[in-house]
Amino acid sequence: TYGIYAGYELVEHVARPGAEEQIDNEKYEFKDRRWADYEPGGAKEGQTLAPYLTRLNEIRRSHPSLMWLRNITFHKVDDGALIVFSMKRGDDVVIVVANLDPHSTRQSWVHLDLEALGLHPGEWFVAHDLITDASWHWSEHNFVRLGVDGEPLHIIELRRD
């Protein structure tokens, strides 16, 4: 679950002194963000997170496992700046690996609880990244590299061979 203030998709990120919220959030003022400037052909085309956020919402809507909060399993990872969790509902299994360090690229080994994913010990599966459309063969131990020089996270759909 998450919520996004209007303007976040335009990469507005200056904090209000003494608070976690943004200084220019819509709670305190009307702000004409000139949304048309960020559309194709606009002066700021490509300078918005809106397509990325749209993709995240498409993924969330298309996976029943992501519509529940009680089905989350956290997995082990060697680097504490990364988080790995999976959500399973029936045959729908999604694994998320995210870099929590916004300033650097991190790489680490991820150690999955295969039983929690509905797999047998030693079983391999196709890890299909729903953000990049890349696929890899994964099993219990997998190497990841995430960060500022690439994607900050993997949202992986588990596919059986």
Side-chain angles (χ1 to χ4, degrees), residues 1-13 15 20-22 24-27 31 33 35-36 38-40 42 44-77 79-103 105-108 110-119 123-140 142-161:
T1 65
Y2 60 90
I4 298 174
Y5 282 119
Y8 180 80
E9 62 269 48
L10 304 180
V11 198
E12 294 177 3
H13 62 282
E20 291 183 19
E21 63 193 13
Q22 305 305 313
D24 292 325
N25 78 52
E26 67 277 5
K27 288 188 341 186
K31 186 169 184 177
R33 291 190 169 89
W35 295 103
Y38 297 88
E39 296 294 323
K44 296 182 178 181
E45 179 180 1
Q47 297 179 36
T48 175
L49 295 174
Y52 199 82
L53 296 173
T54 298
R55 182 65 187 134
L56 290 177
N57 285 327
E58 289 168 353
I59 291 168
R60 187 171 56 172
R61 281 192 299 272
S62 66
H63 287 275
S65 63
L66 299 177
M67 296 179 190
W68 286 69
L69 293 176
R70 291 174 272 168
N71 59 335
I72 192 167
T73 300
F74 289 93
H75 300 267
K76 295 178 181 167
V77 61
D79 184 340
L82 299 175
I83 189 169
V84 183
F85 64 89
S86 64
M87 300 182 87
K88 181 179 185 302
R89 187 167 183 200
D91 291 335
D92 183 48
V93 181
V94 174
I95 303 164
V96 176
V97 184
N99 181 353
L100 302 176
D101 178 354
H103 305 291
T105 296
R106 308 298 285 237
Q107 53 191 25
S108 184
V110 168
H111 309 284
L112 300 175
D113 176 348
L114 295 182
E115 186 177 323
L117 301 176
L119 300 170
E123 189 173 352
W124 288 83
F125 64 93
V126 174
H128 178 77
D129 190 316
L130 297 168
I131 297 289
T132 65
D133 206 31
S135 292
W136 312 277
H137 282 90
W138 274 22
S139 189
E140 183 178 1
N142 311 282
F143 182 79
V144 296
R145 177 181 164 86
L146 297 167
V148 296
D149 63 350
E151 289 296 321
L153 80 157
H154 293 307
I155 301 177
I156 294 169
E157 176 183 61
L158 185 150
R159 295 182 178 174
R160 298 182 186 273
D161 281 333

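These numbers come from a predicted model, not from an experiment.
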Here the pair of heavy atoms bringing S108 nearest to L82 is CB-CD1, 3.5 Å

What is the distance from atom CD of E58 to atom NE2 of H63, rounded to the nearest 0.5 Å? 11.0 Å

Which atom of F125 lies closest to which atom of S139, heavy atoms considered: CE2-O, 4.0 Å

Could you go through N142 and H111, starting from their C-alpha distance and side-chain angles, then the distance that decides it, and tell me whether this counts as side-chain hydrogen bond (donor to acceptor under 3.5 Å, both in side chains)? CA-CA 7 Å; N142 311 282; H111 309 284; over 6 Å; no

Those residues at least two apart in sequence (or on a different chain) that pass salt bridge (Lys or Arg N to Asp or Glu O under 4.0 Å) with E123 are R160

Where is the tightest heavy-atom contact between A50 and T48, given as atom of each residue plus distance? N-OG1, 3.0 Å

Calculate, to the nearest 0.5 Å, the distance between atoms NE2 and CG belonging to H75 and D113 respectively. 6.0 Å

When you compare the side chain of S65 with that of V93, does any pair of heavy atoms fall below 4.5 Å? no

Taking all heavy atoms of E45 and all of E39, pick out the closest pair and write down the distance. CB-O, 3.7 Å

Straight-line distance of L158 CG to D92 CG, nearest 0.5 Å: 9.5 Å

Does a donor on one side chain and an acceptor on the other come within less than 3.5 Å for H154 and D129? yes

Taking everything shown except D149 itself, do over 12 heavy atoms lie less than 6.0 Å from its CG? yes

Steps toward side chain to side chain contact (heavy atoms under 4.5 Å, CB included) verdict (W136, V144): CA-CA 11 Å; W136 312 277; V144 296; over 6 Å; no

Rounded to the nearest 0.5 Å, what separation is found between the CG atom of N57 and the CG atom of L66? 11.0 Å

Heavy atoms, side chains only, cut-off 4.5 Å: are I131 and L56 in contact? yes

Looking at CE of M87 and CG of L69, how far apart are the two atoms once the value is rounded to the nearest 0.5 Å? 5.5 Å

Give a yes or no on whether E115 atom CD has more than 12 heavy-atom contacts from other residues, nucleotides or ligands under 6.0 Å away. no

To the nearest 0.5 Å, how far apart are CG in L112 and CG in L119? 9.0 Å

Specify the closest pair of heavy atoms between T105 and V148, including all atoms of both residues, with the distance to one decimal. OG1-N, 3.2 Å

Side chain to side chain contact (heavy atoms under 4.5 Å, CB included) for K88 and L117? Distances and angles first, verdict last. CA-CA 7 Å; K88 181 179 185 302; L117 301 176; 5.7 Å; no

Which heavy-atom pair separates T73 from A116 by the least distance, and what is that distance? CG2-CB, 3.9 Å

Could you check whether any side-chain N or O of R55 sits under 3.5 Å from a backbone N or O of L130, counting only pairs where one atom can act as donor and the other as acceptor? yes

Main chain of G46, side chain of K44: is a donor-acceptor contact present, judged purely on distance under 3.5 Å? no

Are any side-chain N or O atoms of H128 and backbone N or O atoms of E157, one a donor and one an acceptor, separated by less than 3.5 Å? no

